[in-house]
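One structure is given below, encoded as structure tokens.
In this text the structure is predicted, and so the values were computed from the model without any measurement.
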Amino acid sequence: MCDQTFLAISFGPCDKCVKTKPLMNIYIKTDQFNYCSLCVEMMANEGLRDNETLSSLKNESETLKCKLEEERAKLHDVELHQVADRVDALGQFVMKTRRTLKGHGNKVLCMDWCKDKRRLVSSSQDGKVIVWDAFTTNKEHAVTMPCTWVMACAYAPSGCAIACGGLDNKCSVYPLTFDKNENMAAKKKSVAMHTNYLSACSFTNSDMQILTASGDGTCALWDVESGQLLQSFHGHAADVLCLDLAPSETGNTFVSGGCDKKAMVWDLRSGQCIQSFETHDSDINSVRYYPSGDAFASASDDATCRLYDLRADREVAIYSKESIIFGASSVDFSLSGRLLFTGYNDYTINVWDVLKGTRVSILFGHENRVSTLRVSPDGTAFCSGSWDHTLRV
Amino acid sequence: MSNNMTKTAEARKAVEQLKLEVNINRIKVSKAAADLLAFCETHAKEDPLVTAVPSSENPFREKKLFCIIL
């Protein structure tokens, strides 16, 4: 259950063979026992059924993987861009930077929009988390976190609180108050506790629950009020770098991407992994659901972004060009799902036609790598944050 | 010793997980693609980034300041 198992060595009578030996404290089906190491070894061997050795299990998993690929390939009758041929091509795309938000002292690492479509929160390497009004470019609130590298921040659906976290291994929720005399840091509530850095966090549909992803390879669902762990999700073999919740109409799932090149789709209530996709060649930096909830896109250090369809259970499109060699750090869809905005480490943002798989436009403007990118809730604009200390809308 | 136990437990879990994944219901890519297309088309009109909105409705347009000299 835990990602770190602690063996507390104590000396005493073994529960099984009653000899006095150094004991190991182990859990079998939630009961706690103290067995000596000899008994543990014997029980482990008994636990293996006939013909079930480590190598046979490995072989079985290999054959199952092949079978999975075959099943997926059977339904691969047509490519997405072939189906998209009958759709009109998009017109010329002109996007300009309308606002530049300056004020961070160091690299901007993450940002999130508020549901009111004008406010956004951003966090940076210097430990500051700032709430901006995107229309007026005013800073509304600023909080200094006790740690640097605040890698994750999220706006609550009600607009009354923000959550952020990073190298401090926890996620803190700050209620937003308009009283100038209140010290925001005093009202901070620590919600999540991980054993490694926090890489992503997001509120679920309510203000009361937060989903977090961490460098310790797990994701977890927490209750904000009590700080209690509601569900944990184990399965990634390496750091989890990003997560995204399914749009509300389609249910209780979320997708996470990690350094093990896998994107996994989880059920929020059971903690089970429902599907997993492993076609990227490198770490997955960002995942985002398609607006209908039936697909998701992922951006990776291998310089490609891929679209995976959940119902067909396979990758359906790759967005890449030979000229793009830098990793993609962030990805988001436009409101209708027709456009895919991707930010890269070569300081540019590429806009792709989701259906046809072609690049529609490149946007220049940032002076360092683009680290985060989000489309506003009403789709009128998107904001990109970069290591050049600014955000552009 | 405990390494063996954890390795077999992990391998067993991986096999269970793969069995679950092999058995899920899948639909044809053509149907999934058609659905994605349909979604895009129905929502294209509401998407301000796909169908351009007139400047008067764009909340991020440059604000023109009117100086009225009285």
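Annotation: the span from E21(B) atom CD to K65(A) atom NZ amounts to 10.0 Å, rounded to 0.5 Å. To the nearest 0.5 angstrom, R338(A) atom CZ is 11.5 Å from L36(B) atom CG. With rounding to the nearest 0.5 Å, the separation of CZ in R311(A) from NZ in K31(B) is 5.0 Å.
Both the backbone and the side chain of L64(A) have a heavy atom closer than 4.5 Å to some heavy atom of chain B. With a threshold of 4.5 angstrom between heavy atoms, V354(A) does not approach chain B through any atom at all. No part of A317(A) comes within reach of chain B, as not one of its non-hydrogen atoms sits under 4.5 angstrom from that chain. With a threshold of 4.5 angstrom between heavy atoms, S276(A) approaches chain B through its backbone and through its side chain. When heavy atoms are compared at a cutoff of 4.5 Å, Q272(A) approaches chain B solely by way of its side chain, counted from C-beta outward. Contacts between I274(A) and chain B at a heavy-atom distance below 4.5 Å involve the backbone alone (N, CA, C, O). Contacts between L20(B) and chain A at a heavy-atom distance below 4.5 Å involve the side chain alone, from C-beta outward.
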What's the verdict on side-chain contact (heavy atoms from CB on, under 4.5 Å) for E60(A) and K19(B), showing C-alpha distance, side-chain angles and the deciding distance?
-> CA-CA 10 Å; E60(A) 206 183 334; K19(B) 281 191 191 147; 3.6 Å; yes

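Applying the side chain to side chain contact (heavy atoms under 4.5 Å, CB included) rule to D133(A) yields the partners R118(A), F135(A), T136(A), E140(A); only residues at least two apart in sequence or on another chain are considered. S334(A) pairs by the side chain to side chain contact (heavy atoms under 4.5 Å, CB included) definition with S336(A), L339(A), F341(A), D47(B), L49(B), V50(B), not counting sequence neighbours.
Between Q17(B) and C273(A) there is a side-chain heavy-atom pair separated by less than 4.5 Å. Looking at heavy atoms from C-beta onward, C40(B) lies in side-chain contact with L355(A) at the 4.5 angstrom threshold. No side-chain heavy atom of D309(A) sits under 4.5 Å from any side-chain heavy atom of V29(B).
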